Amino acid sequence: MRCDLCSTHPRGRICTHGSSRCTRGSAYMLTLQTVGGNGFAENAVKTIKKTIKRALYEGEDLNATLIKFLLEYRNCEHATTGVSPAVALQGRRLRGRLDALRPDVVAAVCSKQEQQVARTAGAHREFRVGDAVARDYRTKGSKWAEAIIVKKTGPVSYKVDLGNGVEWRRNVDQVT
């Protein structure tokens with residue numbers, strides 16, 4: 001007679017309530033029930049054990065071997081997330097030996113910026129202290145006021161003196 005509360009297992013029927021109505025050896029089948037294991041953790045332990053055994057067999061330093069293994073593991077992309085553990089935790093890759101072969105980012109950026117400056121059209125405008133004329137936005141008549149550059153305050157800005165003690169800060173576009 002079949003128990004309605006039993007589940008079917010690839011190796012037979014499993015009776016979880018110990019019913020005497022089960023005809024297929026419920027006591028034996030109860031031993032097949034196992035709690036689901038964590039396959040990922042078990043695989044990680046297996047991989048680390050394999051690495052340790054290889055290091056011991058080859059006579060390598062165990063600490064150095066573990067450090068190399070963990071560096072490689074933390075820099076490799078995870079199959080599910082597509083992101084390495086180092087990037088997930090720290091937001092950056094850990095520096096390894098292969099990183100020394102990568103091109104220097106700072107040098108690449110500087111060379112590109114120099115190329116952009118060389119290809120720009122237009123005049124390079126730079127003024128020296130003592131040069132004259134500045135744009136005047138206060139009056140509706142004359143748009144230019146005579147002024148003398150007193151100091152360079154930034155890459156494209158200057159401090160100009162109007163002569164009556166008033167100083168303005170002007171952009172290179174406002175000084176000609």
Side-chain angles (χ1 to χ4, degrees), residues 37-176:
N38 186 350
F40 180 73
E42 292 169 7
N43 284 338
V45 169
K46 180 175 68 173
T47 306
I48 291 175
K49 278 186 174 182
K50 187 167 55 170
T51 303
I52 291 172
K53 285 179 184 177
R54 183 191 51 80
L56 292 175
Y57 179 76
E58 294 179 2
E60 295 177 3
D61 181 31
L62 196 57
N63 277 341
T65 302
L66 282 175
I67 288 170
K68 286 180 197 174
F69 172 80
L70 290 173
L71 180 68
E72 290 174 11
Y73 170 76
R74 291 174 181 153
N75 269 340
C76 291
E77 288 184 358
H78 192 272
T80 305
T81 61
V83 176
S84 69
V87 172
L89 291 173
Q90 298 176 338
R92 63 178 181 89
R93 283 182 47 86
L94 300 176
R95 186 166 167 81
R97 278 191 282 175
L98 289 177
D99 293 325
L101 298 176
R102 291 186 181 161
D104 185 18
V105 176
V106 174
V109 169
C110 286
S111 71
K112 289 288 184 184
Q113 286 177 343
E114 288 171 3
Q115 288 174 1
Q116 287 175 347
V117 168
R119 285 189 301 234
T120 57
H124 179 65
R125 297 175 293 176
E126 185 145 351
F127 300 97
R128 285 182 245 153
V129 175
D131 290 348
V133 179
R135 176 87 162 123
D136 187 1
Y137 291 99
R138 297 175 306 163
T139 62
K140 293 186 180 181
S142 175
K143 298 200 184 267
W144 296 101
E146 291 200 24
I148 297 173
I149 294 177
V150 178
K151 169 174 139 182
K152 184 172 182 175
T153 59
V156 292
S157 61
Y158 298 92
K159 187 78 93 167
V160 295
D161 184 20
L162 292 173
N164 55 1
V166 178
E167 286 187 350
W168 290 339
R169 189 184 141 279
R170 289 289 182 247
N171 186 289
V172 72
D173 295 335
Q174 301 164 334
V175 177
T176 56

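Positions are given from 1, in the same order as the sequence printed here. All values reported here derive from a predicted model rather than from experimental measurement.
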Legend entry - Contact list for residues 107-119, test salt bridge (Lys or Arg N to Asp or Glu O under 4.0 Å), sequence neighbours left out: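 Of all non-adjacent pairs touching residues 107-119, none passes salt bridge (Lys or Arg N to Asp or Glu O under 4.0 Å).
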[X] [atom1] to [Y] [atom2] distance, which is reported to the nearest 0.5 Å:
X: Ile67; Y: Leu62; atom1: CD1; atom2: CG; result: 10.0 Å
X: Ser111; Y: Gln116; atom1: OG; atom2: CD; result: 10.0 Å
X: Arg74; Y: Leu94; atom1: CZ; atom2: CG; result: 7.5 Å

Qualifying residues under salt bridge (Lys or Arg N to Asp or Glu O under 4.0 Å), relative to [X], sequence neighbours excluded:
X: Glu58; value: Arg54
X: Lys152; value: Glu126
X: Glu77; value: none

Result block: side-chain N/O donor-acceptor pairs under 3.5 angstrom for residues 84-92, not counting sequence neighbours:
{"from": "Ser84", "atom 1": "OG", "to": "Val87", "atom 2": "N", "distance (Å)": "3.3"}

For [X], what residues pass the side-chain contact (heavy atoms from CB on, under 4.5 Å) criterion, not counting sequence neighbours?
X: Val109; answer: Val105, Gln113
X: Asn63; answer: Asp61
X: Ile148; answer: none
X: Lys159; answer: Lys151, Thr153, Glu167

Legend entry - Nearest non-hydrogen partners of Phe127 and Tyr158, listed with the distance: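 Answer, listing the atom of Phe127 first, then Tyr158: N-OH, 3.1 Å.
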Inset, instruction - Identify the heavy atoms of Ile149 and Val160 that sit nearest to each other, and give their distance. - result: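 Scanning both residues completely, I find the closest heavy atoms to be CG1-CG1, 3.9 Å.
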Legend entry - Partners meeting side chain to side chain donor-acceptor pair (under 3.5 Å) with Thr47 (sequence neighbours left out):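 Applying side chain to side chain donor-acceptor pair (under 3.5 Å) to Thr47 gives none.
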Inset, instruction - May I have all residue pairs that pass ring-ring contact (aromatic ring centres under 6.0 Å, His included) and include part of residues 89-112, sequence neighbours excluded? - result: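 Residue pairs with at least one partner in residues 89-112: there are none.
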Inset, instruction - Only pairs at least two apart or in different chains count here, so list each ring-ring contact (aromatic ring centres under 6.0 Å, His included) that has a residue in residues 55-89. - result: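 ring-ring contact (aromatic ring centres under 6.0 Å, His included) check on residues 55-89 returns Phe40-His78.
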Legend entry - Check: Ile52 and Leu66 side chains under 4.5 Å, non-hydrogen atoms: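 Counting from C-beta outward, Leu66 and Ile52 do come under 4.5 Å.
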